[in-house]
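These notes are about the structure you will find just below.
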Amino acid sequence: MNKILVVAVREYIETVKTKTFLVSSILLPMLMILLIFGTEKIGKLAEKQIVKTRAIALVDHTGVVTSALQARVAAYNRQHPQRKLAFEPVAPAKADLDALRADVRAGKLYAYLVIPADVLAPPPEDAPPASAPAAGSLPGTPATAPAGPACELGRKDSTLEIQMALQKMLDETIARLRFERHRPPIDYDLVRRLETPVNLREVDVRSGQDTSGSELIRFMTPFAFMFLLFMGTMTISQGLLTSVIEEKSSRVVEVLLSAISPTQMMAGKILGMVGVGATLMLIWGAVGYGGAESRGMGYLVTPYRLTFVVLYFIPGFLLFSAFLAAVGAACNTLKEAQSMAAPLTLLTIVPMMLWWQISQNPNGILSVVLSYIPPITPFVMILRVCADPETPMVQIVSTLAILWLAVVAVIWLAGKVFRVGVLMYGKQPSFKELLRWLRYA
Amino acid sequence: MINAIELTDIVKRYGDFVAVDRLNLAIPTGRIVGFLGPNGAGKTTTIRMLMSIIYPDSGSIRVLGHPRAIDVKDRIGYLPEERGLYRKMTVDATLRYFGKLKGLRGTELSARIGETLERIELADWRYKRVEALSKGMSQKLQFVVTILHRPELVILDEPFSGLDPINMEMLKNLVMDLRREGTTVVFSTHQMEQAQRLCDRLVLINRGRKLIEGTLDEIRARFSSRMVVIEGEGDFAPLERIEGVIDAEITDGGARIEVPKEVDPDRILRRAIELGRISRFEVQRLDLHEVFVKLVQQDQGGPPPARPVAETAGGGAA
C-alpha cells in the first residue's frame, strides 16, 4: 500500500507539473468563461461591420403592400444604421424571375421578394394555425409553416437576422392589411393590445429567487455539470495513456518492476490520476461557481448536484483510467493506443449528442436505458439528476451498483492485460492475442 | 551454506514455445555467479521469474528463503537488460523515488544519495535532469538505482552491454565492491571475458535448459582438448590437415588449432616451422568462449550461427 502511494504521489506531481495540465486547468476554464459570459460582447463585436445598404427587389402583385413595407424598412434602418435595407419596387408586369435571380447571383441585388396577389385574402378556415416549436426540440427550431399563399425570398447568403427581420415586417404589414379589409373592419391595434403575451415569472423554489430571463443558462446547467465530468475524464485518461506509454517506451517500467508488482504500479498510477482529475474538477468547479455566483446564479450549484458529481465521478474515472492503463500497456505508441481506445471515446460522444433529449426527458425510456451502459452511466446520470431532483432513488442506487461492478471487472481484466502487456514490445497485439494474454496472466 | 536462490524444475511456456524447460539452479550466498547463454536461451525469462515479474507454469522458486521475491523485493537489487529512467526528473529525484520504492526514508535516504553520488563521481550532477547525462553517466546512475538500498542479492541482466571500456571497468569495480561486502551477485552476459574475470561460478543455459554449471576450472575440465596457439608469418593452412586436429582457425598472422590431449603439440610446432617464421607458440586450455561455443553447438546439433560475443545488442527477451 505504501509503495502504491509513492507511485501515486509521483504520478500526481509529475502530471500537475506538465504544460498540458496548466493549459487544461487554467487556460481552458478561462476560455470557457470568456465564451459563456462574453457572448454578448462577442456578439456585438461580430456585428461591428458597416454593410452597404442591401438592395431588395420587391415584386408586389397586390399593389398595396409596398408602401406599408417601405414605412417599416425606414423604421428598421433607424434601428440598424450600420446594416440598412432598401426595397426597390419592380412593376409586376416587367418582373422576370430569371433576370432577378441572375442579378442576385451577380451581386447587383442582395435579394428579391415576391408578394403574391392573393396574400391579403384570409387563410381558409380549416387551415391549422401556426404553432409554437414542439416541446423538447432544440431552441431555435422554427414553427411549422403556416398554410396559405407563400411569399418568395431569393438570396445568396443565409443570414438569420435578415430573414427574421423580413418575416416580422411581412407578418405585421400583411396582418394589418387583412384586418383593414375585413368586413366589418376590426381595429388591429386593439387586437394587438388584447393579444399581449401573459407575463410568466419563474421562481427558483429553493432560494425564492426570480429566475426569469436566465432560462437558457438553466437549461444548460445539466450540460455544464456533465461537461465538467467529461473534460475531467478525457484529460486524465489522456494523461494516463501518455504516461504508461512513455514509461514503456523508455523502459522505465522494467526498472519499476524491480521494486513493485505490475498491479501495484497500475494501482498507483490510477490513484495518482484520480487525484489529478479531482484537482482539475475542483479548479473548474470553483471557477464555474464563482462565475455563476457573480451573475446571481450561484443557486444553480446545489449540494445535491455536487454530491452526485462526486458519487459518479469516482467510479467513472476509475473505469476510464483502468481501461486506458490497459490500452497503454498493450500498445507501443500513442497513435496505436488512441486508435485502440477509439470505441470508448466514440461511446462517450453519445451523451454529448443526446444531452438535450436526456435533460428534457430525464425519466424517458432513452434516458433510463442509457443510464445502464457503464462507461456513459456517469454522464447520463449527471444530466438526469441535474435536470430532475426527483430521479428515482432505485435507479440511482442500481446504476451506481452496476457502475461499480463494471469498475471491478474492468480493473481485474485491465490488471491482467497490464501485467503481460507492459513487458511486451514490438507490434500491436490483435484482439485474439489480447485474449491469450488474459489466459497467461 | 544457505543458497540465495533455489530453482527447482522451473517450466515456463509461451503458447507452444517452451522458454524455460525444467531448470534447476542453486546460487550460493556471497558469490558472484555468471548466468550465460546465447540470445533466446531463456536468461531474461528466468530472471523475471526470479523477480516475480512473471510466474512459472510449474516448479518452485526460493529467493532469500522466500517462495516469492515480492515479499523480499526490498532486499534485492535488479538491473534489467532493457532499462531506462524518467528523462525529465533530476538525478536526485530519481534516486529519491526509487529509494522510496525500495523502502528507504528520510535522512537515511538523503545521506545515502549523497554518498553514493560521491562514489560514482556524479555529485555535481545531483540536481541536473537525467536527460542531461551522457550515456556512460546514466548507466552509472542506473546501476546506483539498483544498489542504493544495499541489497543482499543483486541481479544484473546484461550489465555490460553498450558500455565503453572505461565505464565497463568502473562497473566491474562496483561489482567487486559488492562482493567484498558479502552481497550475492548474479549476472547474465554474453561477454565471456567479463564472466571469466569476475565470476566465482558459472551457469550456462541454452534453449531453456541448463547445459553446465560449476567453477571456471570445473567447466574447463570437462573438455580435455588443448588449444595450440601459433603466431608468425607464413601460410599455416596445411596445419588443418594434421592427423587428430579437431578444429583449426587459420589467419594471416597465425593459427589456433584444437587438438585432443593425446596429440603431442610438438608435432604441430615442427610442421609450423616448415611453413613459416614463428614468433609465438603456446599450448592453452580452452577458454570460456570456446567452451561456450562448443557446448551450444553440441546442444543445437550443428555449428552456431555466429560468435556469441559479437551479439551484445538487443534481443534475449524470450
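Since the structure is predicted, the reported quantities are computational estimates derived from the model, not experimental observations. Computed from heavy atoms alone, side chains included, the values below leave out hydrogens, waters and symmetry copies. We name chains A, B, ... by the order of the sequence lines, and we start the count at 1 in each one.
With L101(B) as the fixed residue, the side-chain contact (heavy atoms from CB on, under 4.5 Å) test singles out one of K3(A), Q264(A), M265(A): K3(A).
When D74(B), I76(B), V145(B) are compared by the number of non-hydrogen pairs under 4.5 Å with chain A, D74(B) comes out ahead.
Here the side chains of F98(B) and V252(A) are in contact, with some heavy-atom distance below 4.5 Å. Side-chain contact between R105(B) and N2(A) is present, with at least one heavy-atom pair separated by less than 4.5 Å. Between E247(A) and Y86(B) there is a side-chain heavy-atom pair separated by less than 4.5 Å. At least one side-chain heavy atom of M89(B) sits less than 4.5 Å from a side-chain heavy atom of R10(A). At a threshold of 4.5 Å between non-hydrogen side-chain atoms, the residues V7(A) and Y97(B) count as touching.
Atoms CG and CZ, from L257(A) and R48(B) in turn, are 8.5 Å apart once rounded to the nearest 0.5 Å. A distance of 6.5 Å separates OG of S261(A) from NZ of K73(B), quoted to the nearest 0.5 Å. Note that the CD1 atom of I70(B) and the OG1 atom of T263(A) stand 7.5 Å from one another [nearest 0.5 Å]. Here E254(A) contributes atom CD and M51(B) contributes atom CE; the two are 11.5 Å apart, rounded to the nearest 0.5 Å.
Other residues, nucleotides and ligands contribute only 12 or fewer heavy atoms inside 6.0 Å of the CZ atom of R22(B). Counted within 6.0 Å of NZ on K335(A), heavy atoms from surrounding residues, nucleotides or ligands total 12 or fewer; the atom is thus considered open. The environment of CD in E121(B) is sparse: at most 12 heavy-atom neighbours from other residues, nucleotides or ligands sit within 6.0 Å.
By the salt bridge (Lys or Arg N to Asp or Glu O under 4.0 Å) test, D21(B) is found to be paired with no residue, residues two or more places apart in sequence or in another chain being considered.
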### Message
Set out, in order, the CA-CA distance, both residues' side-chain angles and the distance that settles side chain to side chain contact (heavy atoms under 4.5 Å, CB included) for E246(A) and R87(B), then state yes or no.
### Response
CA-CA 10 Å; E246(A) 192 207 317; R87(B) 293 170 48 77; 5.8 Å; no
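K102(B) contributes a side-chain N or O that, together with a main-chain N or O of S258(A), makes up a donor-acceptor pair within less than 3.5 Å.
By the 4.0 Å N-to-carboxylate-O rule, R251(A) lies too far from E81(B) to be salt-bridged with it.
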